[in-house]
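Below is one structure, written out as structure tokens; comments come after it.
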Amino acid sequence: DGGITQSPKYLFRKEGQNVTLSCEQNLNHDAMYWYRQDPGQGLRLIYYSQIVNDFQKGDIAEGYSVSREKKESFPLTVTSAQKNPTAFYLCASSPRAVEAFFGQGTRLTVV
Amino acid sequence: RKEVEQDPGPFNVPEGATVAFNCTYSNSASQSFFWYRQDCRKEPKLLMSVYSSGNEDGRFTAQLNRASQYISLLIRDSKLSDSATYLCVVNIANAGNMLTFGGGTRLMVKP
């Protein structure tokens, strides 16, 4: 089945650790996105990528890093520089200028 | 000013009521428009695209007003299952086809 897969579904991080969230899609979409959602809030864009080996910062990129070495994959690393990383992270992909398809999300909690 | 703005609500309506949400966008180069539905602790899912001529899907009607730069969603005969957060999404053509989300409007349909 075609789709977008995020893993893990739940992730716990100790303070000062880097963690990487996985996002894979087999929809052959050019664009991929990472969003952060805090409780009761909307989606805020962290990073997005329109093509392989290219990505741009979104509104809240500080403390995060990404790579786009393959069209199918767009992993997000939450670094120790991100001071308040506990949130719901959503990855999406889309063909150009049309709708986005979302993964099921990763809930990250700092312990 | 945010690029895409929505009234966060909540809108509390009785079953069977008609309810409407608006979403304003600031960038006149916005090209494509969508309404997404997000259930609690789940990923957003496409509800409907918004076409220039307006479009209807069952009890849901979407309208676009380019002159005033807003889109609307009308829900007729509300059901309990319509309770969710409704996200307005805009694709800005001159920003690399980046999808920008509004903060969402929460709807609660009560018996």
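Basis for what follows: all heavy atoms, side chains included, without hydrogens, waters or symmetry-related copies. Each chain gets a letter, A, B and so on, in the order its sequence line appears, and its residues count up from 1. Bear in mind that the values here come from a model prediction, so they are computed numbers and not experimental data.
Within a 6.0 Å radius of CD in B:E15, other residues, nucleotides and ligands contribute more than 12 heavy atoms. Applying the 6.0 Å contact sphere to CD of A:Q17 captures more than 12 heavy atoms from other residues, nucleotides or ligands. Within a 6.0 Å sphere centred on NZ of A:K71, other residues, nucleotides and ligands contribute more than 12 heavy atoms.
Among residues two or more places apart in sequence or in another chain, the side chain to side chain contact (heavy atoms under 4.5 Å, CB included) test is passed with A:T5 by none.
Residues B:V4 and B:Y70 do not share a hydrophobic cluster, defined by chaining ILVMFWY side chains whose heavy atoms lie under 4.5 Å apart. Hydrophobic clustering, with ILVMFWY side chains joined whenever heavy atoms are under 4.5 angstrom apart, groups B:I75 together with B:L80. In terms of hydrophobic clustering, with Ile, Leu, Val, Met, Phe, Trp and Tyr side chains grouped at heavy-atom distances under 4.5 Å, A:L76 and A:V110 are assigned to different clusters. By the criterion of side-chain heavy atoms lying less than 4.5 angstrom apart, applied directly or through intervening Ile, Leu, Val, Met, Phe, Trp or Tyr residues, B:L64 is grouped together with B:F60 in one hydrophobic cluster. If you chain together hydrophobic residues whose side chains sit under 4.5 Å apart, B:Y86 and B:V13 fall into the same group.
Neither the backbone nor the side chain of A:Q6 comes within contact range of chain B, judged by heavy atoms closer than 4.5 Å. Residue A:F88 touches chain B through its side chain alone, counting heavy-atom pairs closer than 4.5 Å. For B:F33, no part lies near chain A; criterion is any non-hydrogen pair under 4.5 Å.
Listed options A:A100, A:G105, A:A92 were ranked by heavy-atom pairs under 4.5 angstrom with chain B; first place goes to A:A100. With chain B as the partner, the residue from A:Q56, A:Q104, A:R107 showing the most heavy-atom pairs under 4.5 Å is A:R107.
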Tell me which donor-acceptor pairs under 3.5 Å the side chains of residues 99-111 of chain B have, and how far apart each pair is, sequence neighbours excluded?
from: B:T105; atom 1: OG1; to: B:Q6; atom 2: NE2; distance (Å): 3.3
from: B:T105; atom 1: OG1; to: B:D7; atom 2: O; distance (Å): 2.6

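Of all residues spanning residues 39-47 of chain A, those with a heavy atom less than 4.5 Å away from chain B's heavy atoms are A:Q41, A:G42, A:L43, A:L45, arranged by number. Among residues 43-58 of chain B, the residues having any heavy atom closer than 4.5 Å to a heavy atom of chain A are, in sequence order, B:E43, B:P44, B:L46.
Side-chain atoms of A:L90 and B:Q38, non-hydrogen and from C-beta on, do get closer than 4.5 Å to each other.
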